[in-house]
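Along the sequence shown, the residues carry numbers beginning at 1.
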Amino acid sequence: MSTISTTTRAEYCVIACADAWRGNGEVLASPMGLIPSVGARLAKHTFSPDLLLTDGEARLVGLDGETEGWLPYRQHLAMVTGGRRHVMMGASQLDRFGNQNISCIGDWRRPARQLLGVRGAPVNTLNNPVSYWVPRHSTRVFVEKVDMISGVGYDSAAAAGPSATRYHHLPRVVSNLGVFDFATPDHTMRLASVHPGVTVEEVRQATGFPLVLPDEVPRTREPSEAELLLIREVIDPEGLREREVPTP
């Protein structure tokens with residue numbers, strides 16, 4: 001039975017999230033959200049065994065979720081400010097340079113909707129690599145200009161100068177439609193791959209700004225049988241990933 005015919009959209013998203021931590025070495029993986037969390041655990045199970053996983057609060061955990069050690073706040077901050085942490089955050093809005101908004105929709109002085117607030121997004125993006133996960137790709141999320149900058153994009157970091165660009169790096173954006181990066185001369189968002197069953201035109205229509213397109217847009221890579229087994233039987237046997245990204 002081939003993975004091509006049986007892999008679900010959610011599982012392609014898990015694979016794409018996992019690959020964000022490929023080659024990171026011994027850094028703290030901080031996934032925010034279900035599918036990024038499954039992806040981080042898959043990465044540690046397979047090609048990134050040196051990743052450090054946390055319970056999201058104060059402890060380092062192993063592959064089975066059991067506590068392996070204490071992560072005091074001062075140590076966590078040392079990792080954050082030294083580039084030894086790779087976060088995968090969510091986004092209510094993202095623009096072509098990777099500026100992220102999780103604070104409000106509309107004018108911040110009188111917003112139409114109040115969201116989470118800026119929280120730790122500026123510190124995250126200026127001090128360690130940050131990727132993004134968007135479970136519902138649409139023009140409401142991928143916008144020409146964010147209403148408020150929470151996470152710092154490439155243009156904003158460059159405008160702030162060397163102190164802002166030292167550790168600033170946005171490796172990738174994963175959505176339910178595809179994978180995106182900023183591997184362009186001016187660091188504008190590029191379509192790196194589409195998930196099987198998705199067309200480039202679908203992605204373009206769901207994006208509120210022009211994407212950079214390579215000459216040929218590849219498909220998101222297929223998971224191996226071993227990776228599918230880990231996802232389905234070890235990491236997420238209850239299939240919660242399918243609720244976050246249902247198969248079309």
Side-chain angles (χ1 to χ4, degrees), residues 1-22 24 29-48 51 53-56 61 63-65 86-94 100 102 130-142 170-181 189-207 211 217-248:
M1 185 167 58
S2 69
T3 58
I4 294 176
S5 62
T6 60
T7 305
T8 67
R9 180 72 60 81
E11 289 163 346
Y12 283 114
C13 292
V14 168
I15 287 293
C17 288
D19 279 346
W21 284 283
R22 185 181 289 274
N24 278 190
S30 293
M32 300 180 185
L34 174 67
I35 283 181
S37 296
V38 176
R41 290 181 62 191
L42 179 65
K44 185 172 175 66
H45 265 287
T46 53
F47 49 76
S48 293
L51 278 182
L53 302 179
T54 121
D55 63 357
V61 299
L63 288 170
D64 57 2
H86 184 168
V87 185
M88 183 168 280
M89 299 176 63
S92 300
Q93 292 179 327
L94 273 174
Q100 171 240 36
I102 52 171
V130 174
S131 294
Y132 290 108
W133 160 241
V134 179
R136 295 175 185 83
H137 191 126
S138 75
T139 53
R140 296 178 62 182
V141 179
F142 289 79
L170 308 178
R172 67 171 44 191
V173 177
V174 180
S175 82
N176 62 315
L177 298 184
V179 181
F180 309 81
D181 61 25
M189 195 180 295
R190 179 185 76 138
L191 178 58
S193 73
V194 290
H195 303 324
V198 178
T199 67
V200 172
E201 187 57 30
E202 283 180 82
V203 178
R204 292 177 64 178
Q205 290 182 5
T207 305
L211 284 164
V217 180
R219 296 197 316 176
T220 302
R221 77 169 178 90
E222 296 292 333
S224 68
E225 295 292 348
E227 287 173 323
L228 279 179
L229 189 68
L230 284 168
I231 293 169
R232 295 173 178 177
E233 298 188 12
V234 178
I235 302 173
D236 183 28
E238 296 179 358
L240 299 178
R241 62 194 177 279
E242 305 298 334
R243 299 182 190 176
E244 189 166 18
V245 178
T247 297

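Closest heavy-atom contact between E244 and I35: OE1-N, 3.1 Å. The two residues V174 and C13 come nearest to each other via the heavy atoms CG1-O, 4.1 Å. L53 and A29 make their closest contact through CD2-CB, 4.1 Å (heavy atoms, listed as atom of the first residue, atom of the second, distance).
E238 CD: 12 or fewer foreign heavy atoms inside a 6.0 Å radius. More than 12 non-hydrogen atoms from other residues, nucleotides or ligands lie less than 6.0 angstrom from CZ of R22. Within a 6.0 Å radius of CZ in R221, other residues, nucleotides and ligands contribute more than 12 heavy atoms.
Proximity of V234 to L229: side-chain heavy atoms (C-beta onward) are nowhere separated by under 4.5 Å. In this structure the side chain of M32 never reaches within 4.5 angstrom of the side chain of Y132, judged on heavy atoms. Residues R232 and P237 fail the side-chain proximity criterion, which asks for heavy atoms closer than 4.5 Å. Contact check for D19 versus F47: side-chain heavy atoms found under the 4.5 Å cut-off. With contacts defined as side-chain heavy-atom distances shorter than 4.5 Å, the pair L42/I235 qualifies. Inter-residue side-chain proximity for M189 and T207 is flagged as unmet; no heavy-atom pair is nearer than 4.5 Å. By the 4.5 Å heavy-atom criterion applied to side chains, Q93 and V141 are not counted as neighbours. At a threshold of 4.5 Å between non-hydrogen side-chain atoms, the residues M89 and P36 do not count as touching.
In this structure, the side chain of Q100 engages the main chain of G90 through a donor-acceptor pair within 3.5 Å. A donor-acceptor pair is defined here as one N or O able to donate and one able to accept, closer than 3.5 Å; such a pair exists between the side chain of R9 and the backbone of N176. In this structure, the side chain of E227 engages the main chain of S224 through a donor-acceptor pair within 3.5 Å. Side-chain N or O atoms of D181 include none that pairs as donor or acceptor with a backbone N or O of P171 at under 3.5 Å. Between the H195 side chain and the S175 main chain, a donor and an acceptor come within less than 3.5 Å of each other. Side-chain atoms of E202 come within 3.5 Å of backbone atoms of T199 as a donor-acceptor pair (strictly under, hydrogens ignored). Side-chain atoms of R172 come within 3.5 Å of backbone N or O of A16 as a donor-acceptor pair.
Here CZ of R136 is found 12.0 Å from CG of L177. Values are rounded to the nearest 0.5 Å. C17 contributes atom SG, which lies 15.0 Å from atom OH of Y12 (distance to the nearest 0.5 angstrom). Between atom CD1 of residue I231 and atom CZ of residue R241 there is a gap of 6.5 Å, rounded to the nearest 0.5 Å.
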* Verdict with reasoning, V173 to V179, per side-chain contact (heavy atoms from CB on, under 4.5 Å) -> CA-CA 6 Å; V173 177; V179 181; over 6 Å; no

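When the ring-ring contact (aromatic ring centres under 6.0 Å, His included) test is applied to F142, the partners found at least two apart in sequence or on another chain are H137, F180. Partners of W21 according to the ring-ring contact (aromatic ring centres under 6.0 Å, His included) rule, which considers only residues two or more places apart in sequence or in another chain, are H86.
Residue pairs that meet the side-chain hydrogen bond (donor to acceptor under 3.5 Å, both in side chains) test with at least one member in residues 36-48, sequence neighbours left out, do not exist here.
Considering T247, D236, L228 in turn, L228 is the only one that fulfils the side-chain contact (heavy atoms from CB on, under 4.5 Å) rule with E11.
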